[in-house]
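Worksheet: one structure, shown below.
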Number of protein chains: 2
Amino acid sequence: MPPYDPSAFPPFAVTVDLVVLTVRRHALCTLVVRRGESPYQGRWALPGGFVRAEEDLGAAAARELVEETGLCAYDPASPPPVPSNGAHLEQLATYGAPDRDPRMRVVSVAHLALAPDLPAPRAGGDANSARWAPVEEILGKDEAAVAAAAEDGGPEALAFDHARILADGVERARSKIEYSSLATAFCPPEFTVGELRRVYEAVWGVSLDPRNFHRKVTGTPGFLVPAGGTTTRQGGRPAQLFRAGGATLLNPPMLRPEV
Amino acid sequence: MPPYDPSAFPPFAVTVDLVVLTVRRHALCTLVVRRGESPYQGRWALPGGFVRAEEDLGAAAARELVEETGLCAYDPASPPPVPSNGAHLEQLATYGAPDRDPRMRVVSVAHLALAPDLPAPRAGGDANSARWAPVEEILGKDEAAVAAAAEDGGPEALAFDHARILADGVERARSKIEYSSLATAFCPPEFTVGELRRVYEAVWGVSLDPRNFHRKVTGTPGFLVPAGGTTTRQGGRPAQLFRAGGATLLNPPMLRPEV
DNA sequence: CCAAAAGTGTTTAGCGTACACCCATGA
DNA sequence: TCATGGGTGTACGCTAAACACTTTTGG
């Protein structure tokens with residue numbers, strides 16, 4: 001083990017990058033911002049920024065989330081995901097290849113945020129410098145391969161290693177809604193079983209049987225609690241409204257159909 | 001978003017810390033090293049060190065693993081976990097609370113390594129400055145609560161926030177062997193079904209039915225491949241030897257019994 | 001009345017569990 | 001012979017999948 005000499009450490013910059021996912025018009029979308037400066041000037045990138053000197057990593061991610069979306073992050077540990085437009089926020093992974101930023105050594109602690117559908121994004125007031133981009137449009141169908149090859153790829157490719165980060169975030173979201181109640185983070189505070197099912201269908205890119213899905217989610221204790229009212233959103237029998245229940249782990253899990 | 005000014009970033013040190021897990025004498029154990037310097041002088045800590053200026057995060061973790069154990073890390077992406085005494089290595093999470101190290105701002109990218117049982121550890125040649133400590137002995141029974149309260153706790157508590165990191169690593173290992181073939185990383189290259197079962201029992205702290213376990217692992221295609229020979233290790237009918245197969249995902253997963 | 005979405009009931013097949021039973025070795 | 005661990009067969013119960021069917025709205 002090398003001697004622990006605090007005065008001789010290599011200089012690093014530490015940033016947080018955000019994979020903010022939402023479901024819009026039956027498609028899984030992510031927030032991207034237009035880069036105003038070199039390198040990768042004019043290209044789309046994940047939102048992010050430097051961690052401040054006295055700031056925790058999670059706090060930096062929450063601050064960036066507010067700055068980019070106005071979304072308030074809630075702590076996954078606190079039982080009730082109370083606020084009306086809160087977003088789930090969790091650490092994703094850390095990316096620190098020596099050459100990932102040509103200017104200097106930057107280590108980025110990526111975070112994953114899941115949000116309900118929102119109005120148009122705001123990025124420092126500049127409207128067309130931020131957008132919700134369909135994940136499929138950025139990563140293509142074969143996500144793993146594209147993400148690996150996308151760096152320095154075509155003009156639609158994300159800056160830096162952000163395609164890889166996005167692919168990892170999407171994969172995390174896809175697997176985590178299997179065995180947790182996280183899919184409710186894509187829904188408004190009150191939602192119907194059909195809306196929740198369309199979240200699963202959009203995130204997984206599959207079709208699910210509405211009848212079996214209904215039985216599954218309403219039959220799992222603590223997953224959903226009735227909110228009282230009913231709604232008619234699109235011609236048909238009105239649906240009951242639910243809120244996310246206290247249960248965070250889904251046992252047995254929701255089964256993702258084979259492709 | 002704050003302006004992106006590379007010359008004005010706060011100074012960070014970036015380290016890697018290692019949660020190295022193995023199964024020894026039916027108990028899940030982790031590698032800890034004795035700290036020779038302040039702060040936390042004389043206390044046990046997870047092995048780790050600074051990331052070098054031109055070094056990738058995973059490479060730094062692999063280097064530390066070799067320095068501390070002589071273990072060679074294999075890339076989980078490459079299909080055959082070839083080397084005889086290789087260890088599984090993956091990124092765990094990143095810890096960067098502003099006050100986690102009293103001397104300076106340190107962000108630690110923790111990694112998780114799973115290794116087969118080894119001879120006594122070596123730490124720079126100093127024999128009694130490193131040991132395999134039973135996880136239960138460090139974290140106690142109720143791991144989440146203890147890990148949260150352990151910092152600045154009794155003399156047996158790990159330095160810094162390492163109890164939290166260890167608890168997170170153990171939890172990752174416990175959940176990941178459910179749905180992946182990762183448990184074979186705790187076994188030597190050739191092993192019996194009974195040895196693999198004892199790995200599950202030690203990591204989960206439960207008893208599993210030997211007959212159903214045998215059917216489950218031998219019936220999952222690609223999980224185990226027969227290695228040919230048989231062995232008598234402890235009086236009884238000789239057992240077939242197996243190698244880890246190519247399958248990395250276990251579907252359906254191994255079910256962890258309720259406690 | 002018809003379309004559309006919500007919700008319920010029923011059947012079937014697969015898998016996990018429990019446990020009886022046989023096999024092969026050392027002492 | 002017995003003890004010990006390896007391995008197989010079988011019956012039971014639960015759950016997911018498939019799908020027929022009823023309910024409640026809007027047009």
- Message: Over all strands shown, is A/Pro252 touching base, sugar-phosphate only, or nothing at heavy-atom distances under 4.0 angstrom?
- Response: sugar-phosphate

- Task: Find the distance B/Leu196:CG to D/dG5:C1' and express it as a whole number of Å.
- Result: 16 Å

- Message: Quick check: on DNA chain D, is the nucleotide nearest B/Arg197 upstream (toward 5') of the one nearest B/Asn212, or the reverse? Name the residue that is more 5'.
- Response: B/Arg197

- Between atom CZ in A/Phe213 and atom C1' in D/dA17, what is the gap in whole Å? 15 Å

- Test item: A/Glu195 side-chain N/O and A/Thr192 main-chain N/O as donor-acceptor pair under 3.5 Å: yes

- Nearest to the side chain of A/Arg237 - C/dA5, D/dC19, D/dA16? C/dA5

- Query: Within this structure, what is the CZ-to-P distance between A/Arg215 and C/dG7, rounded to whole angstrom?
  - Reply: 13 Å

- How long is the line joining CG of A/Leu250 and P of D/dA16, in whole Å? 10 Å

- Message: For the aromatic rings, using the six-membered ring if either is Trp, is the centroid distance between A/Phe213 and A/Tyr200 under 6.0 Å?
- Response: yes

- How many Å lie between NZ on A/Lys216 and C1' on C/dT8, as a whole number? 18 Å

- Quick one: is C/dA6 close enough that its OP1 or OP2 comes under 4.0 Å of any side-chain N or O from A/His214? no

- Go through C/dA24, C/dA18, D/dA16 for me and flag the one nearest to the B/Pro238 side chain. C/dA24

- At what distance, to the nearest 0.5 angstrom, does CD of B/Glu178 lie from CH2 of B/Trp204? 5.0 Å

- Message: From C-beta outward on B/Val193, which listed nucleotide comes closest to its side chain: D/dG7, C/dT8, C/dA6?
- Response: D/dG7

- Item | B/Val199 to B/Ala183 - nearest heavy-atom pair and separation | CG1-O, 3.9 Å

- Item | Whole angstrom value for the distance that separates P of D/dG13 from CG of B/Leu255 | 19 Å

